[in-house]
Enquirer: 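Starting off with a structure, shown below.
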Amino acid sequence: MFSTILPGNLNRWLGKPSSNKPKRTVLVKQLEERDRRRMLKHFLALDDSDRLLRFGTVLPDEQIEAYVGRIDFSHDTVYGVYNRVFKLVAVGHLAFAPKDKIPAGPSSTTKDRIAEFGVSVSASARGLGIGSKLFERAAIHCRNSDVDTLYMHYLSSNQTMMHIAKKAGMKIVRDRGEADAYLRLLPPNPASMLQEAIEEQVATIDYNFKANKRFAEKFFGTRR
Ligand SMILES: CC(C)(COP(=O)(O)OP(=O)(O)OC[C@H]1O[C@@H](n2cnc3c(N)ncnc32)[C@H](O)[C@@H]1OP(=O)(O)O)[C@@H](O)C(=O)NCCC(=O)NCCS
């Protein structure tokens, strides 16, 4: 049986600080149709090695366009982080799939669905806790959606993802240069529901403020 942890702050889950580095507040917003163009821009800016780490292959631009075009916001949940100047610097894609579509590994879920998570952070925004925060947000959403297993697939050489997965207590299965990681989640409760609602609300306020500021700067020609 693999470990069961409570979503929330990753470090708090483990009851220990993971590093002494001060981390900024990261506001994670659920993305919608209107963010699709910025998502494409984010993915196209990933270099070959990041594309390999994110997609398991160096996806050419046309396939990235097709991938972004195919994302169904009514079925999957996509998260993003916008920086100070309203640039999308990170995208986390949480896709729900029937449990038999994902390698069972050590999972013994009784639910019909498992969630798969993939994430990328722009090179300029790494090391600020954004990847971990997106993962944490995805985990709480799974929990509140009555999904008890969060799955990630990545290259075994991806030391950062390995670190994030281990830090969360995920059960990791390595096979021929690739790794499958599984996180078992507790059922939802009022606190987990409230946490997700508040996080989304705060991120929405921040998003609207930045979007309006950006629009005003463009309109009045004051953008620097
Ligand atoms: C993986 C990725 C999403 C991480 O994003 P990030 O915002 O930089 O991650 P965080 O800032 O939350 O840091 C992650 C942790 O990994 C640690 N880390 C960073 N590089 C590391 C390395 N080479 N080896 C071990 N740990 C490492 C950090 O110190 C941090 O640890 P801490 O939280 O205990 O301090 C980002 O590097 C990325 O987009 N990579 C390319 C795409 C990819 O690999 N996607 C994953 C496939 S699903």
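Just follow the structure's listing: the first ligand is 1, and inside any ligand the first atom is 1.
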Enquirer: If you take all heavy atoms of Asn144 and Glu196, which pair is closest and at what distance?
Expert: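 Closest heavy-atom pair between Asn144 and Glu196: ND2-OE1, 2.8 Å.
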Enquirer: So which atom in Ser122 and which in Leu88 form the shortest heavy-atom distance, rounded to 0.1 Å?
Expert: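 Heavy atoms of Ser122 and Leu88 come nearest at OG-O, 4.1 Å.
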Enquirer: Looking at Val28 and Arg137, what are the two nearest heavy atoms and their distance?
Expert: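 Answer, listing the atom of Val28 first, then Arg137: O-NH1, 2.6 Å.
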Enquirer: For Tyr154, is at least one N or O under 3.5 Å away from an N or O on ligand 1?
Expert: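 For ligand 1, there is no N or O atom that lies under 3.5 Å from one belonging to Tyr154.
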Enquirer: Looking only at distances, can you tell me whether any N or O atom of Ile164, backbone or side chain, sits closer than 3.5 Å to an N or O atom of ligand 1?
Expert: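 In fact, backbone or side chain, Ile164 has no N or O that close.
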Enquirer: Parallel, tilted or perpendicular: which one describes the rings of Phe135 and Phe117, with boundaries at 30° and 60°?
Expert: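 The arrangement is tilted - the two ring planes meet at 30° to 60°.
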Enquirer: I want to know if ligand 1 touches His163 in the polar sense, i.e. an N/O pair below 3.5 angstrom.
Expert: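 Yes; at least one N/O pair falls below 3.5 Å.
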Enquirer: Determine whether the aromatic ring centres of residues Tyr67 and His93 are separated by less than 6.0 angstrom.
Expert: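 Judged by ring-centre distance (under 6.0 Å), His93 and Tyr67 do meet the cut-off.
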Enquirer: Can you list every pair that meets salt bridge (Lys or Arg N to Asp or Glu O under 4.0 Å) and has a residue in residues 66-90, with sequence neighbours left out?
Expert: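 The answer is none; no pair qualifies.
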Enquirer: Listed by chain and number, what are the salt bridge (charged side-chain N to carboxylate O under 4.0 Å, His left out) partners of Arg54, not counting sequence neighbours?
Expert: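 Scan of Arg54 (salt bridge (charged side-chain N to carboxylate O under 4.0 Å, His left out), adjacent residues dropped) gives none.
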Enquirer: Taking Lys111 as the fixed residue, which of Asp148, Thr149, Asp146 is the one that meets the side chain to side chain donor-acceptor pair (under 3.5 Å) rule?
Expert: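 Of all the options given, the one that passes is Asp146.
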Enquirer: Show me which atoms of ligand 1 lie under 4.0 Å from any heavy atom of Leu128.
Expert: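 Those atoms are 11 (O).
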Enquirer: Output yes when the distance from some N or O of ligand 1 to some N or O of Met161 is under 3.5 Å, and no in every other case.
Expert: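 Such a contact does not occur with ligand 1.
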Enquirer: Which atom pair, heavy atoms only, marks the closest approach of Met170 to Leu150?
Expert: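 The answer is CE-O, 3.6 Å.
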Enquirer: I'd like to check whether Lys167 has a polar contact with ligand 1, where a contact means an N/O of the residue lying under 3.5 Å from an N/O of the ligand.
Expert: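 The answer is yes, given that Lys167 and ligand 1 share an N or O pair closer than 3.5 Å.
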Enquirer: Among Ser49, Gly131, Ser132, which residue places a heavy atom closest to atom 7 (O) of ligand 1?
Expert: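 When every heavy atom of Ser49, Gly131, Ser132 is considered, Gly131 comes closest to atom 7 (O) of ligand 1.
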Enquirer: For ligand 1, is there an N or O atom under 3.5 Å from any N or O atom of Ala125?
Expert: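 No, no N or O pair falls under 3.5 Å.
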Enquirer: Looking at ligand 1, does any of its N/O atoms fall within less than 3.5 Å of an N/O of Asp50?
Expert: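 No: no nitrogen or oxygen of Asp50 is under 3.5 Å from one in ligand 1.
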Enquirer: Below 3.5 angstrom, do we get any N/O pair linking Phe117 and ligand 1?
Expert: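 No; the residue has no nitrogen or oxygen that sits under 3.5 Å from a nitrogen or oxygen of the ligand.
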Enquirer: List every atom of ligand 1 that sits less than 4.0 Å from any heavy atom of Ile130, numbering the atoms from 1 in the order shown and giving each element.
Expert: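 Those of ligand 1 that fall under 4.0 Å from Ile130 are 7 (O), 11 (O), 12 (O).
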Enquirer: Test of understanding: given a 4.0 Å heavy-atom threshold, classify the contact between Asn158 and ligand 1 as side chain, backbone, both, or neither.
Expert: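 Just the side chain.
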Enquirer: Looking only at distances, please establish whether an N/O atom of ligand 1 is found under 3.5 Å from an N/O atom of Gly118.
Expert: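 No, Gly118 has no N/O under 3.5 Å of an N/O on ligand 1.
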Enquirer: Can you check whether His153 has an N/O within less than 3.5 Å of an N/O in ligand 1?
Expert: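 Between His153 and ligand 1 (N or O atoms, distance only) the closest approach is not under 3.5 Å.
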